[in-house]
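Counting begins at 1 with the first residue of the sequence. Quick caveat: nothing in here was measured; it's all calculated off a predicted structure. Computed over heavy atoms, backbone and side chain alike; hydrogens, waters and symmetry mates excluded.
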Amino acid sequence: SSCETLDQRGYTRSSACDLGAHEVVGCAAQSIPVPTAEWHLISLPCDPGASNTVADILGDDLSGVYGTDWGVWLFDASAGTSGSYVFLTTASTMSPGVGYWLIHLGSGESWSMDGSNDINGEPFELVLTDAHDGSPAQQNLVGNPTERSLSWDEFMVVDTNGNCYGSPDIGELPGTSGLIDNAINWYNGSSYTTCDDTGTNPPCTLDAGEGFWVDRKSTRLNSSHLVI
């Protein structure tokens, strides 16, 4: 699939997936609400730099005792036969582009972060773990790495041969590659919402600070990246 297109932001994407620089967007502080006693998926809306631990990012905002009143988990897609959850400590590091489960038993909580690092200055890659141990597909928990809302069709998929798939200017979805599923899923507090931009599901808008699931298919053996 050729990527020689002009995307919605006016940058040419070449067939070799030389995506060029995206727009430069600062990382201003913004408040992200935490639902009361509900699981929800989060991601970091910017690069936290050296202040990248759970304590640095969330511990300075959320009240209560970690591990009792609130907690954070990531999903290790490479573990076991189909991946497994890892409970983070307050010293664990967090990264943009990764999705995390967060729950807080209190009410009226929110978190925010700011930073001078600018992840939008260059194309940002979200590495997807391949399906393994005979699985037909591998779930990956990733996240919106920017401080603005993104449409799912703004993402592109790049394989290890340098081929890229998905074209925002014509609405082509990343799943065209066969490397990933067109549909993505996020949790609304009580159930999963599925989006695939077919018109039969809700619009694929990923808010800043929002994590989501995407399936990496095993139709090819080489790895792939989501690029925004």
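- For the residue pair Tyr66 and Val54, the shortest heavy atom distance occurs at CE1-CG1, 4.0 Å.
- For the atom pair CG of Leu41 and CG of Leu206, the computed distance is 11.0 Å after rounding to the nearest 0.5 Å.
- Minimum interatomic distance between Thr194 and Ala183 (heavy atoms only, all atoms of both residues): CG2-CB, 3.9 Å.
- The aromatic ring centres of Phe212 and Tyr192 sit 6.0 Å or more apart.
- Atom OG of Ser191 and atom CG of Asn185 lie 10.5 Å apart (nearest 0.5 Å).
- Remark: Leu88 CG to Thr53 OG1 distance equals 10.5 Å, nearest 0.5 Å.
- Counting only residues at least two apart or in different chains, ring-ring contact (aromatic ring centres under 6.0 Å, His included) contacts with residues 32-56 comprise Trp39-Trp73.
- Aromatic ring centres of Trp101 and Phe75: separated by at least 6.0 Å.
- In this structure, the side chain of Asp207 does not engage the main chain of Thr205 through any donor-acceptor pair within 3.5 Å.
- Of all the heavy atoms in Trp186 and Cys195, the pair that sits closest is CZ3-CB, 3.4 Å.
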Does the pair Leu128 and Val214 meet the rule for a side chain to side chain contact (heavy atoms under 4.5 Å, CB included), with working shown? CA-CA 9 Å; Leu128 302 180; Val214 59; 3.9 Å; yes

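- A distance-only check finds a donor-acceptor pair linking the side chain of Ser43 to the backbone of Asn144 [under 3.5 Å].
- Across Ser31 and Pro33, no two heavy atoms sit closer than the pair O-CD, 3.8 Å.
- A donor and an acceptor atom, one from each side chain of Thr93 and Asn52, are nowhere located under 3.5 Å apart.
- The distance from the CG atom of Asn140 to the CG atom of Leu126 is 9.5 Å, given to the nearest 0.5 Å.
- Annotation: the span from Leu74 atom CG to Tyr100 atom OH amounts to 6.0 Å, rounded to 0.5 Å.
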Can you check side chain to side chain contact (heavy atoms under 4.5 Å, CB included) on Thr193 and Tyr187, steps first, answer last? CA-CA 6 Å; Thr193 298; Tyr187 197 67; over 6 Å; no

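- Formation of a donor-acceptor pair under 3.5 Å by the Asp76 side chain with backbone atoms of Ser84 is not found in this model.
- Side chain of Ser92 to main chain of Thr89: a donor-acceptor pair is present (N/O by atom type, distance under 3.5 Å, no hydrogens or angles).
- To the nearest 0.5 Å, atom CG of residue Leu105 and atom CD of residue Glu38 are 11.5 Å apart.
- The two atoms that bring Ile32 and Pro45 nearest to each other are CD1-CG, 4.4 Å, heavy atoms only.
- Of all the heavy atoms in Leu150 and Pro145, the pair that sits closest is CD1-CD, 4.2 Å.
- Side chains of Leu58 and Met94 form a contact here, defined as non-hydrogen atoms less than 4.5 Å apart.
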Could you go through the side chain to side chain contact (heavy atoms under 4.5 Å, CB included) check for Trp70 and Ile103 one step at a time? CA-CA 5 Å; Trp70 64 282; Ile103 188 170; 5.9 Å; no

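- A side-chain donor-acceptor contact under 3.5 Å links Glu109 to the backbone of Ser63.
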